[in-house]
Amino acid sequence: MNTIVDAQGSGSSGGSGSHSLPRQAERGVGREEATSYLTAGHGVKSWLFTTDHKRIAILYALTITVFFFIGGAAATLIRMELFTPAGDLVSAEGYNKLFTLHGVIMVWFFLVPAIPATLGNFLLPLMLGARDLAFPRLNLMSWWLIVIAGAFVLYVLVMGGVDTGWTFYAPYSTTYSNGYVVAAAAGIFVSGFSTIATGLNFIVTTHTMRAPGMHWFRVPLFVWSIYATALIMLLATPVLAMALLLIMIERLLGVGIFDPALGGDPVLFEHLFWFYSHPAVYIMILPGMGVVTEIVTCFARRRIFGYQFMVYALLSIAVVGFFVWGHHMFVAGQSMYAGLVFSFLSYVIAVPSAIKVFNWTATLYRGSIVLDAPMLYALGFIGLFTMGGLTGLFVASLPIDVHVHDTYFVVAHFHYVMVGGMVSAFFGGLHFWWPKITGRLYPEAWARFAALLMFFGFNMTFFPQFILGWMGMPRRYHEYPSEFQVYHVLSSAGAVVLGAAYLLPLGYFLWSLRYGQPASDNPWDAKGLEWRTASPPPKHNFPSTPRVDEEAYDYHPPRRPPGGHLDHPSDGRPAS
Amino acid sequence: MSDPQALAEQFDDLGQQRHAAELGMWIFLATEALFFGGLLLGYAVYRHLYPEAWFAAARETEILIGTANTAILLTSSLTMWLAVRAGEEGRRDAVTLALGLTATLGAFFLGLKAYEYYLDWDNSLVPGLRFAFEKADPEHAEIFYYLYFFLTGVHAVHLTVAITAVLVVLFLVRTGRLAYQQSATLTVLGLYWHLVDVVWIFLYPLIYLPGRSQ
Amino acid sequence: MRAIGAFHGLWWPGILVWVTLMALLGLTWGLAYVPMGVFNTVVSMGIGTLKALLVALFFMHLKESGPVLRLAACAGLVWLAVLFAFTFADYLSRGWGPG
Amino acid sequence: MEGLSFFPKEASTFAPRTDAVFFTLLGLSAFMTLAVAFLLVYFCTRYRRGSKARHGGRVSKLIDLEFEAGWSLIPLFIFLFLFTWAAGQEFTLFYPPKDALEISVVGKQWMWKTEHPGGQREINALHIPIGRPIKLDMVSQDTIHSFYVPAFRVKHDVVPGRDNEMWFEAKEPGAYRLFCAEFCGTDHSRMIGTITAMPPEDYARWLDAQPTGETLVAEGRRLYHELGCSGCHEAGGSVRAPPLHGLYGGPVPLEGGAVVTADERYVRDSILRPKSQVAAGYKPIMPSFQGSIDEGELQALQAWIRSIGDGGKEG
């Protein structure tokens with residue numbers, strides 16, 4: 001395990017020696033210019049085979065950006081097709097492949113790795129005051145695995161696609177589908193190992209590598225959210241991997257346990273699939289909650305309201321999230337009694353989510369609030385997640401779910417949680433930590449405009465889909481009866497706005513890499529260890545291991561910002 | 001030859017590193033439990049739905065080989081445990097000997113398993129390829145055999161990985177390239193080996209024992 | 001013989017655990033042929049659990065491990081139980097009629 | 001099926017009850033969303049940096065706890081109430097009344113085939129009387145489909161390899177959309193039809209006007225002879241097999257001691273995989289009909305066996 005130590009590592013780290021107070025040491029003018037992780041090695045190889053968690057985070061960010069735009073292109077075509085009731089733009093088969101591709105890519109190659117593997121990978125060791133993750137080479141391997149997995153999916157895309165929907169329900173996937181089911185499932189199977197490796201690394205790092213003084217209730221809530229996410233990744237993903245392996249073999253060899261023609265029960269696949277896929281939606285929202293907590297506290301200059309409850313809420317969402325999968329199967333021929341149990345637990349899990357929304361809101365009370373772009377995204381998250389969460393109650397109610405199951409109501413519901421929630425949080429986090437990651441400031445005015453545009457575009461796209469679903473429009477329809485057209489046109493028009501809003505940040509982020517103002521170490525005057533090192537951080541994160549002697553989010557009383565604050569004049573009104 | 005370096009740079013001390021390695025392996029084992037769990041759930045559901053087919057099919061398995069293999073794996077767990085214990089005391093010869101025995105027992109298991117597969121082929125009990133079952137409910141008996149091959153196959157893959165890992169560590173210890181006394185390598189390797197054993201401990205009564213008393 | 005020499009002083013208590021494991025294996029093998037109805041399954045799985053517990057506690061050192069490792073070891077099993085319990089909540093109650 | 005609308009027709013007896021839960025939840029959600037949105041905007045305005053409001057200050061631990069307890073427990077109680085209310089309605093949906101009109105439905109890629117008790121058949125259409133419970137016996141020929149009538153607020157998956165049932169009672173005459181709601185392949189979006197609900201007199205008249213094909217029971221009886229079942233299952237046949245008259249609904253002792261009830265699933269299994277449950281005292285010699293009969297024929301055989309059963313004279 002220890003024989004290969006990467007070559008660049010030995011020079012720059014300052015593991016032993018001076019124990020200066022890090023905060024003062026690095027702020028001073030005469031700070032030693034530690035080489036940043038970006039310049040610590042050159043050439044393609046120094047990136048592709050890096051074990052530095054920050055570089056791996058960048059690799060992940062590039063990878064998922066590519067997939068985000070591929071998935072987004074599929075979504076664009078879907079919305080264009082649905083502009084008219086007739087199936088005139090693409091063939092029925094083409095449409096089915098588009099929504100499958102959109103689902104598969106967005107779920108496994110964007111949403112699941114989005115925050116954990118990029119922001120989480122970059123920030124977790126920094127926030128804990130560690131030099132790296134516990135298993136740096138495992139971390140590198142997990143990126144390579146997702147690249148290989150992505151290659152499978154791109155192969156499927158090039159060869160002609162797959163039309164099972166991201167759910168891969170048997171016996172359609174095992175027997176009736178004409179697409180490249182095996183290759184697609186193999187891709188997801190491999191990506192599962194990537195997810196497991198990442199989750200394992202995060203849990204072990206959080207347990208064993210916290211800086212001195214950082215006891216469990218001083219850990220930033222972003223780390224807690226990643227921890228809770230990692231729990232789900234570890235305990236749910238293997239079951240999906242096995243279910244997909246069974247699908248692959250059943251399709252390849254014609255023997256298996258799902259197809260009724262072989263004596264099997266298709267509902268068993270649904271159990272296995274949703275045992276992963278329901279908790280997986282919490283993989284796709286918990287990290288967003290963590291990001292929003294960091295942002296809200298910083299831009300309200302407030303300690304988070306009810307820190308411990310926030311922790312318990314995160315953990316209970318992660319755990320109870322495993323008990324509710326059957327609410328996807330109320331009409332699938334599952335026993336009604338099991339349905340009742342699942343329905344009840346689905347209501348229960350709404351409680352911790354509600355706690356989180358109330359606590360964020362309460363945090364703003366008596367704050368000192370600045371509405372910069374990250375805060376706009378965070379506020380948008382709270383609003384949209386509230387709607388997404390509340391509509392979750394509709395689908396948890398048996399009679400309503402019987403009506404809206406597999407309709408656009410469900411589509412709208414989970415897009416409110418995942419796009420309105422997770423993607424908003426991802427963009428918020430990207431803006432918030434952009435100066436730390438790149439050492440540059442992004443253009444604030446553009447960013448605020450993009451945030452607002454995204455909010456309006458999103459609502460315009462997906463709110464009409466609630467009505468569509470309530471009216472009875474089933475999902476995955478290539479053609480549809482004309483009475484639904486009004487809402488589809490509204491939705492497609494919104495998608496244009498939303499698409500533009502997603503392209504904007506791509507533009508100004510790239511611009512800022514070259515022309516953005518250099519960022520100070522702590523441009524937001526934020527708490528958290530990640531702000532106590534250079535922007536961008538040196539290869540081993542900290543000149544010396546930081547010591548933690550205060551609670552998380554200790555914004556009381558507001559600390560006087562040091563001179564180097566860039567965007568905002570300091571608050572002239574000290575707390576009374 | 002100088003002592004190989006034991007401490008990786010992201011850790012502060014050996015204790016932290018050992019703890020991280022052991023915790024990492026335990027967590028991995030938990031995911032392994034759920035990986036097998038998907039298959040075991042399939043087993044449980046169909047056994048619940050079609051008990052007659054299950055008992056009839058399980059009676060046709062090679063119980064002698066299964067029992068012998070269980071004994072072999074349990075013994076290999078003992079030798080693996082010995083290797084870890086010898087490692088703690090820094091007794092290199094004992095470590096290499098115990099690891100060698102462990103790998104040999106593992107290989108022996110695989111050999112018997114292969115022979116068992118051969119017998120199954122001979123008895124036309126291979127779903128999809130060569131399956132003819134005269135007793136009750138051949139369709140669901142085929143599901144039993146499908147799960148049997150799947151479970152034991154996945155287990156055999158795990159065991160192959162474990163044997164390879166044991167051989168690699170054996171080589172590193174023997175050539176002095178592993179600080180086995182400080183690092184957690186032997187402990188972690190042992191945990192993985194024992195997991196392969198534990199999985200088999202459950203597979204044995206599920207595959208070979210049902211329906212024997214009828 | 002050389003093997004025994006090389007392991008001098010190391011055998012105990014592993015050999016005791018091994019003997020117990022072997023005895024349990026013989027027991028479960030024999031009991032499988034005794035007609036006990038559903039208890040055949042209960043007994044064979046019970047003995048299996050006992051064997052696994054022995055391996056985990058002694059060979060895998062769980063007896064001396066700290067709480068975090070034990071938690072990790074249990075997590076997989078607890079979640080496995082969740083998977084089984086809720087799936088069987090469906091299968092076992094499918095045939096139930098109204099009240 | 002008109003122009004712009006926010007509200008699907010309430011055309012079944014379930015619909016008003018489902019909608020009552022829906023609108024209660026909608027009101028609650030709208031209130032919560034607006035309350036959160038209002039507070040966010042209010043706080044962001046009042047406590048913006050540089051405003052005259054009082055900033056900062058610690059919230060006491062006690063208040064903290066009171067608030068947390070409040071906004072955990074109050075939602076929990078509301079949710080419990082909602083769950084109980086909503087779940088109570090679900091019970092009725094699951095168990096069809098005894099006097100329901102039974103219609104058999106076969107779902108296949110990509111059409112719905114329906115058949116009335118009198119043998120009248122339709123494709124992608126179904127005529128039903130209002131004011132009478134309708135029970136659908138649904139099977140799938142290939143993959144999973146889902147029978148969905150938005151105006152009735154009912155939906156149920158049609159899982160292949162088993163008998164699926166659902167029921168409803170239409171209360172308004174009219175034509176309503178029937179959708180397949182579970183993705184089933186290329187022409188999934190064309191697997192739609194029309195349900196026409198009509199007053200009972202009109203329905204009776206409609207039935208009379210249809211060319212009456214064979215009834216399901218008659219088809220079953222015909223298949224029983226054509227497929228050669230009668231050769232063994234009739235008394236005096238060359239091979240001894242259990243008699244089918246009076247079988248349905250009663251207990252069947254099996255080889256090996258178990259006793260099962262001769263229900264739909266038992267009949268289905270006995271035809272498709274006869275060796276799985278062998279009746280006590282008989283040899284496992286019946287060949288499997290898996291693959292040689294389709295789901296519609298299987299349904300006909302089931303219907304006939306039920307019609308000659310003990311408890312089966314219900315329809």
Side-chain angles (χ1 to χ4, degrees), chain A residues 92-93 96 165 169 171-172 176 260 266-267 306 309 331-333 336 340 343-344 347 350-351 354-355 357-358 361 364-371 379 382-383 386-387 390 393-394 397-400 402-403 405-406 467 471-472 474 476-479 481 483 486 556-558 571 573 575-576, chain D residues 1-4 6 8 17-18 21-22 25 29 32-33 36-37 39-40 43-44 47-49 54-58 64 67-68 71-72 75-76 79 82-83 86-87 89-90 94 142-144 146 148 150 153-157 159-161 164 177 179 181-189 273:
Chain A
E93 190 126 346
N96 298 342
Y169 270 17
Y172 185 74
Y176 296 95
V267 178
F309 280 85
V331 299
M336 183 198 62
L340 287 177
S343 169
F344 173 72
Y347 272 103
V351 173
I355 291 176
V357 169
F358 295 140
T361 311
L364 299 178
Y365 175 68
R366 281 202 198 161
S368 179
I369 297 165
V370 181
L371 293 178
L379 293 172
I382 299 174
T386 304
M387 287 181 71
L390 284 167
L393 291 178
F394 289 70
S397 305
L398 286 157
I400 302 179
V402 167
H403 176 50
H405 175 78
D406 268 335
I467 304 172
M471 296 291 296
R476 297 174 170 177
Y477 263 32
H478 170 233
E479 306 172 336
E483 67 257 30
V486 180
H556 304 283
D571 183 5
R573 307 179 59 84
S576 44
Chain D
M1 300 190 196
E2 61 269 17
L4 183 64
F6 292 96
R17 292 189 293 169
T18 300
V21 183
F22 181 85
L25 259 175
S29 303
M32 289 301 305
T33 309
V36 168
L39 282 176
L40 291 180
F43 286 157
C44 286
Y47 299 110
R48 70 190 183 280
R49 185 170 300 178
R54 189 170 158 226
H55 301 277
R58 282 174 195 275
D64 193 348
F67 270 93
E68 297 288 356
W71 60 50
S72 324
L76 184 65
F79 294 163
L82 283 170
F83 163 74
Q89 303 201 359
E90 193 62 8
F94 258 81
D142 33 55
T143 183
I144 304 177
S146 191
Y148 176 34
R153 310 288 188 275
V154 290
K155 176 188 290 126
H156 201 283
D157 283 9
V159 181
N164 311 272
R177 294 274 188 207
F179 292 119
E182 183 65 58
F183 179 67
C184 60
T186 309
D187 279 336
H188 168 56
S189 66
R273 34 191 82 100

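Since the model is a prediction, treat every value here as computed from it, not as a measurement. In what follows, every chain begins at residue 1, and chains take the letters A, B, ... in the order their sequences are listed.
Taking chain D as the reference chain and counting heavy-atom pairs below 4.5 Å, the highest number among A:S397, A:G333, A:G383 is found for A:G333. Counting heavy-atom pairs closer than 4.5 Å to chain A, the top-ranked of the candidates D:M32, D:R48, D:R17, D:E68 is D:E68. Counting heavy-atom pairs closer than 4.5 Å to chain D, the top residue among A:L379, A:L371, A:L393, A:V357 is A:L393. Of the listed residues (A:G367, A:P481, A:A332), the one with the most heavy-atom contacts under 4.5 Å to chain D is A:G367. Chosen from D:V154, D:N164, D:I144, the residue pairing most often with chain A at heavy-atom distances under 4.5 Å is D:I144.
A perpendicular orientation is assigned to the rings of D:H188 and A:Y477, their planes being inclined by more than 60° (bins at 30° and 60°).
For a residue to count as touching a neighbouring chain, one of its non-hydrogen atoms must lie under 4.5 Å from one of that chain's; by this rule D:A37 does not touch chain A. For D:D142, the parts sitting under 4.5 Å from any heavy atom of chain A are the backbone and the side chain alike. Within the 4.5 angstrom heavy-atom criterion, only side-chain atoms of D:V159, from C-beta onward, approach chain A. Contacts of D:F179 with chain A are made by both backbone and side-chain atoms, with heavy-atom separations under 4.5 Å.
Residues that satisfy the side-chain contact (heavy atoms from CB on, under 4.5 Å) test with D:D187, not counting sequence neighbours, are A:A92, D:W110, D:R190.
A donor-acceptor pair is defined here as one N or O able to donate and one able to accept, closer than 3.5 Å; no such pair exists between the side chain of D:Y148 and the backbone of D:R177.
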